[in-house]
Asks: 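Below is the structure I would like to discuss, written out as structure tokens.
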Amino acid sequence: TTQTKVQVEKAPKKATLEAALPQEMNVIEHEPLRLSAKVEGNPPPDVNWFKDEKELKDGDDNGRISIQMLPEGTTQLEIASADPKKDSGVYKLVVSNSVGDAASETKVKVEKAPQKATIEDLLPKETSVFEKQLLRLSVKVSGNPLPKVQWFKSGKPISDGDDGVSIKLLPEGIAQLEVESADAKRDSGLYKLVVSNSLGDATTETKVEINKTLVKATLDAALPALT
């Protein structure tokens, strides 16, 4: 009798992704960012991950980025603690073999964790400027959602444009109140700032004193000459 060993090989199959990555993905700051997709194909496909067109490798960024191929054929990219600046962007997965390739991408947004409205530096207890000088009160505020900012003078709300008052929330989170030419009668008083969001609020206040401008003493007439 003659025995023949027959080996049945799998037919070549183009590299494919069983399911596409989601179009968009939101992750909270410090939470894990995890992207995965099941890969199929024969020969087994090469797997490449990219962020904003730059290829990612397992262990990149001092080990923050982990890329694995799990036993059941799932490729997984994981960042244990997501960072809004570093990790937001467009992620792309490309799988390829000698028969063909496939790709999928997702836009990832890492959002700052919810934070109560806070004032990082309090206003001084007292603020003093001379008349006709610039009065400026400013503090750095933070919070997520972005806090609502409200200024008060002697208990009454102040709005931008009131009696020469300019109120701004600058991009770096500085809440600022300015009076270009301070007036002793109009602008002296107790100023209070309240910042608030859905998680809480914070306040700070300062007593503003506008001092009369010093006037240099003058002589109306020249002193008589010494004899």
Side-chain angles (χ1 to χ4, degrees), residues 12-121 138-149 167-176 195-202:
K13 181 183 177 184
K14 173 185 173 182
T16 59
L17 295 170
E18 192 173 282
L21 296 171
Q23 286 189 340
E24 295 183 351
M25 186 174 182
N26 292 337
V27 180
I28 299 296
E29 182 181 21
H30 304 310
E31 292 290 321
L33 165 57
R34 188 177 292 117
L35 301 172
S36 63
K38 190 167 184 182
V39 180
E40 296 180 338
N42 188 44
D46 293 325
V47 176
N48 300 94
W49 287 92
F50 300 82
K51 176 182 178 285
D52 299 328
E53 304 299 330
K54 182 180 178 182
E55 187 171 2
L56 301 175
K57 297 289 187 182
D58 182 48
D60 277 356
D61 198 4
N62 297 316
R64 289 182 68 247
I65 296 173
S66 168
I67 296 174
Q68 294 180 304
M69 179 61 81
L70 304 179
E72 69 273 17
T74 297
T75 177
Q76 179 176 280
L77 180 152
E78 183 172 356
I79 299 172
S81 179
D83 179 272
K85 288 185 178 179
K86 283 187 175 183
D87 302 322
S88 295
V90 177
Y91 288 75
K92 186 176 183 180
L93 170 62
V94 178
V95 296
S96 59
N97 62 12
S98 56
V99 188
D101 55 60
S104 181
E105 64 181 37
T106 181
K107 185 176 181 181
V108 173
K109 182 179 180 182
V110 181
E111 300 176 329
K112 283 193 170 289
Q115 180 194 356
K116 175 185 172 183
T118 57
I119 297 171
E120 296 188 17
D121 296 304
S138 64
V139 293
K140 187 166 186 180
V141 304
S142 60
N144 187 38
L146 187 68
K148 178 184 175 184
V149 174
I167 292 175
K168 295 177 182 176
L169 182 58
L170 304 177
E172 60 269 28
I174 302 295
Q176 180 176 279
V195 297
S196 59
N197 64 11
S198 55
L199 300 179
D201 55 59

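One is the number of the first residue; the rest follow in order along the sequence.
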Asks: Can you list the residues that meet the side-chain contact (heavy atoms from CB on, under 4.5 Å) rule with Ser81, with sequence neighbours excluded?
Replies: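 So Ser81 forms a side-chain contact (heavy atoms from CB on, under 4.5 Å) with His30.
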
Asks: Could you give all pairs that pass the salt bridge (Lys or Arg N to Asp or Glu O under 4.0 Å) test and reach residues 15-29, with sequence neighbours left out?
Replies: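 Every candidate salt bridge (Lys or Arg N to Asp or Glu O under 4.0 Å) pair involving residues 15-29 fails, so no pair, neighbours aside, qualifies.
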
Asks: Sequence neighbours excluded, which residues qualify as side-chain contact (heavy atoms from CB on, under 4.5 Å) partners of Asp58?
Replies: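 If we apply the side-chain contact (heavy atoms from CB on, under 4.5 Å) test to Asp58, skipping adjacent residues, the hits are Ser66, Ile67.
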
Asks: I'd like to check the side-chain hydrogen bond (donor to acceptor under 3.5 Å, both in side chains) partners of Thr75; sequence neighbours left out, ordered by chain and number.
Replies: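 Scan of Thr75 (side-chain hydrogen bond (donor to acceptor under 3.5 Å, both in side chains), adjacent residues dropped) gives Trp49.
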
Asks: Test: salt bridge (Lys or Arg N to Asp or Glu O under 4.0 Å). Region: residues 88-100. Which pairs qualify, not counting sequence neighbours?
Replies: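 Checked against salt bridge (Lys or Arg N to Asp or Glu O under 4.0 Å) - neighbours excluded - no pair reaches residues 88-100.
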
Asks: Got a donor-acceptor contact below 3.5 angstrom from the Thr74 side chain to the Leu70 backbone?
Replies: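 It does not hold such a pair.
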
Asks: Locate the shortest heavy-atom distance separating Lys57 from Ile65; write the atom from each residue and the value.
Replies: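 Scanning both residues completely, I find the closest heavy atoms to be O-CG2, 4.0 Å.
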
Asks: Would you give the length of the straight line joining atom NZ of Lys112 to atom CD1 of Ile28, rounded to the nearest 0.5 angstrom?
Replies: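 Interatomic distance, Lys112 NZ to Ile28 CD1, rounded to 0.5 Å: 11.5 Å.
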
Asks: Show the nearest heavy-atom pair for residues Val141 and Ala175, with the distance to one decimal.
Replies: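 Heavy atoms of Val141 and Ala175 come nearest at CG1-CB, 4.1 Å.
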
Asks: Where the side chain of Asp52 meets the backbone of Gly89, is there a donor-acceptor pair that is under 3.5 Å apart?
Replies: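 Looks like no, no N/O pair under 3.5 Å.
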
Asks: Please tabulate, for the side chains in residues 32-48, all donor-acceptor contacts under 3.5 angstrom to protein atoms that are two or more places apart in sequence or on a different chain.
Replies:
from	atom 1	to	atom 2	distance (Å)
Arg34	NH2	Glu78	OE2	3.0
Glu40	OE1	Lys13	NZ	3.1
Asn42	ND2	Lys10	O	3.1
Asn42	ND2	Ala11	O	3.3
Asn48	ND2	Glu55	OE2	2.7

Asks: Taking side chain as C-beta onward, heavy atoms only, is Val95 less than 4.5 Å from Leu17?
Replies: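 With C-beta onward as the side chain, the pair touches.
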
Asks: Applying side-chain hydrogen bond (donor to acceptor under 3.5 Å, both in side chains), name anything that partners Glu120, two or more places apart in sequence or on another chain.
Replies: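 Scan of Glu120 (side-chain hydrogen bond (donor to acceptor under 3.5 Å, both in side chains), adjacent residues dropped) gives Ser142.
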
Asks: Of all heavy-atom pairs between Gln115 and Thr118, which one has the smallest distance, and what is that distance?
Replies: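 Looks like NE2-OG1, 3.7 Å.
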
Asks: With no hydrogens and no angle check, is any side-chain donor or acceptor of Asn97 less than 3.5 Å from a backbone partner on Gly100?
Replies: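 A pair under 3.5 Å: yes.
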
Asks: Counting neighbours of CD on Gln23 that are heavy atoms of other residues, nucleotides or ligands and sit closer than 6.0 Å, is the number greater than 12?
Replies: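 Count not over threshold, so no.
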
Asks: List for me each residue that meets side-chain contact (heavy atoms from CB on, under 4.5 Å) alongside Lys51, sequence neighbours excluded, and say none if there are none.
Replies: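 With neighbours one apart ignored, the set is Leu56, Tyr91.
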
Asks: Is the backbone of Val139 close enough, under 3.5 Å, to the side chain of Asp121 for a donor and an acceptor to pair up by distance?
Replies: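 No; zero donor-acceptor contacts below 3.5 Å.
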
Asks: Once salt bridge (Lys or Arg N to Asp or Glu O under 4.0 Å) is applied, do any residues pair with Lys168, and if so which ones, sequence neighbours excluded?
Replies: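 Lys168 satisfies salt bridge (Lys or Arg N to Asp or Glu O under 4.0 Å) with no other residue.
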
Asks: For Leu199, which residues count as a side-chain contact (heavy atoms from CB on, under 4.5 Å) partner, sequence neighbours excluded?
Replies: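 Once residues adjacent in sequence are excluded, the partners of Leu199 under the side-chain contact (heavy atoms from CB on, under 4.5 Å) criterion are Pro114, Lys116, Asn197.
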
Asks: Can you give each donor-acceptor pair under 3.5 Å made by side-chain atoms of residues 101-110, sequence neighbours left out, with the distance rounded to 0.1 Å?
Replies:
from	atom 1	to	atom 2	distance (Å)
Ser104	OG	Leu21	N	2.8
Thr106	OG1	Pro22	O	2.6

Asks: Applying side-chain hydrogen bond (donor to acceptor under 3.5 Å, both in side chains), name anything that partners Asp87, two or more places apart in sequence or on another chain.
Replies: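 Per chain and number, Asp87 pairs via side-chain hydrogen bond (donor to acceptor under 3.5 Å, both in side chains) with Arg64.
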
Asks: Which pair of heavy atoms, one from Ala117 and one from Gly200, lies closest together, and at what distance?
Replies: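 Answer, listing the atom of Ala117 first, then Gly200: CB-O, 3.6 Å.
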
